[in-house]
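Notes for the one structure printed next.
Worth saying up front: this structure is predicted, and the values here are computed from it rather than measured. Residue indices begin at 1 and follow the sequence shown.
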Amino acid sequence: MLIRKLFKFENAHIVRDCSTQRCSENIHGHSYKVEVLLESNYLDNGQMVYDFGLTKLYIKELIDSFDHAITLWSGDDKEYIESMKKYSNRWVELPVSPSAEQFSRVIYLMVERILACTNMQNGEREVRLHSIIVHETETGYAQGFEEDAHSELMGKINLEEIIFSPQVQIEWSDSTLWKKLLKQTLIKNPKKV
């Protein structure tokens, strides 16, 4: 069984070296829609693959980290990166350029880690991430699967190289969430949300 949860965020970026001049040379924004598709052959105690209410915790918090933020590529010009960090409290720095394709890979790895570190409380079994779809516009999206997220051909992504601004981190329900996920510390789903 496959289920889908939709999340939204507003974000600014530059996608260096792409063919479109407006996108590669100018800070611009998008109203992103992110589809998280989960699957399992089992249903939990509530007869669900994974309660949608649970996705509003850690998964939503990490995806929401990009909302009203600027996403920076660590390989961009250092002066540009420092200027953006100086004038914006909400930013995320990635080890890859923030294209829709790379966003789908990054978010895949983040959600995959959340699921791997989550202590399920309501009979959920073998819940797996099927894919992530990132809609950058109404007409264009990228869909990333496990093999894409872990593909070195598309550029290796180390979770340790993803940096959230201090402002983003203090807005999480647990400001140490990312550190816990990087250390693969077990996080517990509540019995009720």
Joint hydrophobic cluster, F66 plus I114, side-chain heavy atoms closer than 4.5 Å
yes
Quick one: does N26's side chain have a donor or acceptor within less than 3.5 Å of a partner on H28's backbone?
no
Is it true that K56 and E61 have a side-chain N and a carboxylate O under 4.0 angstrom from each other?
no
Let me confirm one number: the CG-CG distance from L38 to L54, rounded to the nearest 0.5 Å.
10.5 Å
Which label fits F103 and H13: parallel for a plane angle under 30°, tilted from 30 to 60°, or perpendicular past 60°?
parallel
Do Y50 and N122 have a side chain donor and acceptor closer than 3.5 Å?
no
Treating S104 as the side-chain partner and E101 as the backbone partner, does any N or O pair qualify as donor plus acceptor under 3.5 Å?
yes
Pick from E35, Q143, K33: which one makes a side chain to side chain donor-acceptor pair (under 3.5 Å) with H135?
E35
With a 4.5 Å cut-off on side-chain heavy-atom distances among I, L, V, M, F, W and Y, is there a chain of contacts connecting V111 to M1?
yes
Tell me, yes or no, whether the heavy-atom count around E138 atom CD, taken from other residues, nucleotides or ligands under 6.0 Å, exceeds 12.
no
Separation between CD (Q167) and CH2 (W91), nearest 0.5 Å, reads 11.5 Å
Could you walk me through whether Y42 and V127 pass the side chain to side chain contact (heavy atoms under 4.5 Å, CB included) test, one step at a time?
CA-CA 8 Å; Y42 300 94; V127 178; over 6 Å; no
Taking all non-hydrogen atoms of both residues, which atom of P98 and which atom of W73 are closest, and how far apart?
CD-CB, 3.9 Å
NZ of K60: more than 12 outside heavy atoms within 6.0 angstrom?
no
Hydrophobic cluster membership, I107 vs L182, 4.5 Å side-chain cutoff
yes
Member of M154, K156, H150 meeting the side-chain contact (heavy atoms from CB on, under 4.5 Å) criterion with E152
K156
What do the steps show when you test M110 against W178 for side chain to side chain contact (heavy atoms under 4.5 Å, CB included), and what is the final call?
CA-CA 9 Å; M110 290 172 21; W178 190 240; 3.8 Å; yes
Atom of I162, atom of P95 and distance for their closest heavy-atom approach
CG1-CD, 3.9 Å
Compare every heavy atom of S88 with every heavy atom of I70, then report the nearest pair and how far apart it is.
CG2-OG, 4.1 Å
Just by distance, no angles: are the side chains of T71 and N11 close enough, under 3.5 Å, to form a donor-acceptor pair?
yes
Looking at Q21, I want to see if its CD is surrounded by more than 12 non-hydrogen atoms of other residues, nucleotides or ligands under 6.0 Å.
no
Can you tell if the side chain of M84 reaches within under 4.5 Å of the side chain of D76, non-hydrogen atoms only?
no
Heavy-atom closest pair, residues C117 and T185:
CB-O, 3.5 Å
Taking the side chain as every heavy atom from C-beta outward, state whether H130 and R128 have any pair of such atoms under 4.5 Å apart.
no
Apply side chain to side chain contact (heavy atoms under 4.5 Å, CB included) to residues E93 and S74 and explain how you reach the verdict.
CA-CA 6 Å; E93 185 175 329; S74 60; 3.1 Å; yes
Side-chain touch F7/I59, heavy atoms, less than 4.5 angstrom
yes
Does atom NZ of K5 have more than 12 heavy-atom neighbours, drawn from other residues, nucleotides or ligands, at distances under 6.0 Å?
yes
Using side-chain heavy atoms (C-beta onward) and a distance below 4.5 Å, is P190 in contact with L57?
yes
Interatomic spacing from CG in D64 to CD in E171 - rounded to 0.5 Å
8.0 Å
Can you confirm whether N158 is buried at CG, in the sense that more than 12 heavy atoms of other residues, nucleotides or ligands lie under 6.0 Å from that atom?
yes
Apply side chain to side chain contact (heavy atoms under 4.5 Å, CB included) to V34 and L6, showing your working.
CA-CA 6 Å; V34 176; L6 178 69; 6.0 Å; no
How about L37 and L129: do any of their side-chain heavy atoms sit closer than 4.5 Å?
no
Shared hydrophobic cluster, I63 / L177 (ILVMFWY, side-chain heavy atoms < 4.5 Å):
yes
Cut-off 3.5 Å, side chains only: do H30 and E10 have a donor facing an acceptor?
no
State, without any angle test, whether E124 and S40 hold a side-chain donor-acceptor pair at a distance under 3.5 Å.
no
Shared hydrophobic cluster for V134 and V96 (ILVMFWY, side-chain gaps under 4.5 Å):
yes
So do E39 and I3 actually touch side chain to side chain, heavy atoms under 4.5 Å?
no
Can you list the steps and then say if W172 with F164 is a ring-ring contact (aromatic ring centres under 6.0 Å, His included)?
CA-CA 11 Å; W172 296 332; F164 296 97; 5.2 Å; yes
Gap between atom CZ of F9 and atom OG of S31 - 0.5 Å precision
10.0 Å
Checking R105 against F145: charged group under 6.0 Å from the ring centre and within 45 degrees of the axis?
no
Could you tell me whether the side chain of L181 reaches within less than 4.5 Å of the side chain of L62, counting heavy atoms only?
yes
Point-to-point distance, once rounded to the nearest 0.5 Å, from CD1 of I14 to CG of L72:
9.0 Å
Got a second to check how far I187's CD1 is from T118's OG1, nearest 0.5 Å?
4.0 Å
Give me the atom names and distance for the closest heavy-atom approach of S165 to R90.
OG-CA, 3.7 Å
Heavy atoms of other groups near K78 NZ, more than 12 under 6.0 Å:
yes
Is L115 close to M120 at the side-chain level, that is, under 4.5 Å between some pair of heavy atoms?
yes
